[in-house]
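Some notes on the structure that comes next.
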Amino acid sequence: MFQPNTVSSSSDKSALLGSILRLLIVNAAIPYACYTLLKANHVSDVTALGIAAIAPALEALVGVLRSRQVNIISLFVLGGLLVGIITTLLGGDPRVVVLRESFFTGVLGLTCFVSLLFPRPLMFSVGRTLIAGNDPAHIARYNQLWQNPSVRHTARVCTLVWGVVYSGDFLLHLLLVSTLKIG
């Protein structure tokens, strides 16, 4: 069985750490810094979100071209940025603006639920990305875990729980925005 904490050598540890660090920089730090700097310079939300999406989009594209696989974390970031752009375009209504950040968690919750209809649920793929990185040998060993019934059950339960949490977060924000004054 694949043990995520069992890394065969220090070079494997360094490669895994480098992969996680690159993932965080490209999909979190760069988009956040771009958006923050652009908003500080009075750039519109749509433009700031669009520019912030460039680094994760390029990383996702390069990853697909290089390995013929989609990086699930990049998809999350791009999805969040895309939902932000769409809701900003719907703007005007202060309630939509307040809910803008929660729309993505609602979409993510629905995605978790829909993924339960597929052979491997979303959280299995997220786990593979976080634990195995881009290493083909680690990916293959992680995929072999699917043969274990308890792994399949755990992945489905985790996906269901995250679906409830994400959807619940959105519904709670929707309830608060619907019942409380915006001010």
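Along the sequence shown, residues carry numbers from 1.
Taking CG of Leu116 as the reference point, atom OG1 of Thr111 lies at 11.0 Å (rounded to 0.5 Å). Atom CG of residue Asn143 and atom CZ of residue Arg128 lie 4.5 Å apart, to the nearest 0.5 angstrom. Expressed to the nearest 0.5 Å, how far CG of Asp169 lies from CG of Leu108 amounts to 10.5 Å. Once rounded to the nearest 0.5 Å, the distance linking CG of Leu174 with CZ of Phe103 reads 7.5 Å. The distance from atom OH of Tyr32 to atom CG of Leu24, rounded to the nearest 0.5 Å, is 15.0 Å. Distance check: Thr105 OG1 to Leu172 CG gives 10.0 Å after rounding to the nearest 0.5 Å.
Residues Ala155 and Trp146 approach most closely at CB-CZ3, 3.8 Å, considering heavy atoms. Summarising the geometry of Pro121 relative to Thr159, their closest heavy-atom pair is CB-OG1, 3.3 Å, with the distance given to 0.1 Å. Residues Cys112 and Tyr166 share a closest heavy-atom pair of SG-CD1, 4.2 Å. Across all their heavy atoms, Cys34 and Ala52 have their closest contact at CB-CA, 4.0 Å. Contact detail for Asn41 and Leu37: the closest heavy-atom pair is ND2-O, 2.8 Å.
Both Leu171 and Phe104 are members of a single hydrophobic cluster when ILVMFWY side chains are connected at heavy-atom separations under 4.5 Å. Under the 4.5 Å side-chain heavy-atom criterion for Ile, Leu, Val, Met, Phe, Trp and Tyr, Leu160 and Trp162 are members of distinct hydrophobic clusters. Leu122 and Val161 fall within the same hydrophobic cluster, defined by Ile, Leu, Val, Met, Phe, Trp and Tyr side-chain heavy atoms under 4.5 Å apart, directly or through other members. Under the 4.5 Å side-chain heavy-atom criterion for grouping Ile, Leu, Val, Met, Phe, Trp and Tyr, Val126 is connected to Val107 within one hydrophobic cluster. A continuous path of Ile, Leu, Val, Met, Phe, Trp and Tyr side chains, each step under 4.5 Å between heavy atoms, connects Leu21 with Ile30, placing both in one hydrophobic cluster.
Using bins of under 30°, 30° to 60° and over 60° for the plane-to-plane angle, the ring pair Phe124/Tyr142 lands in the tilted bin.
In summary, the side chains of His153 and Arg156 do not present any donor paired with an acceptor at a separation below 3.5 Å, with no hydrogens or angles considered.
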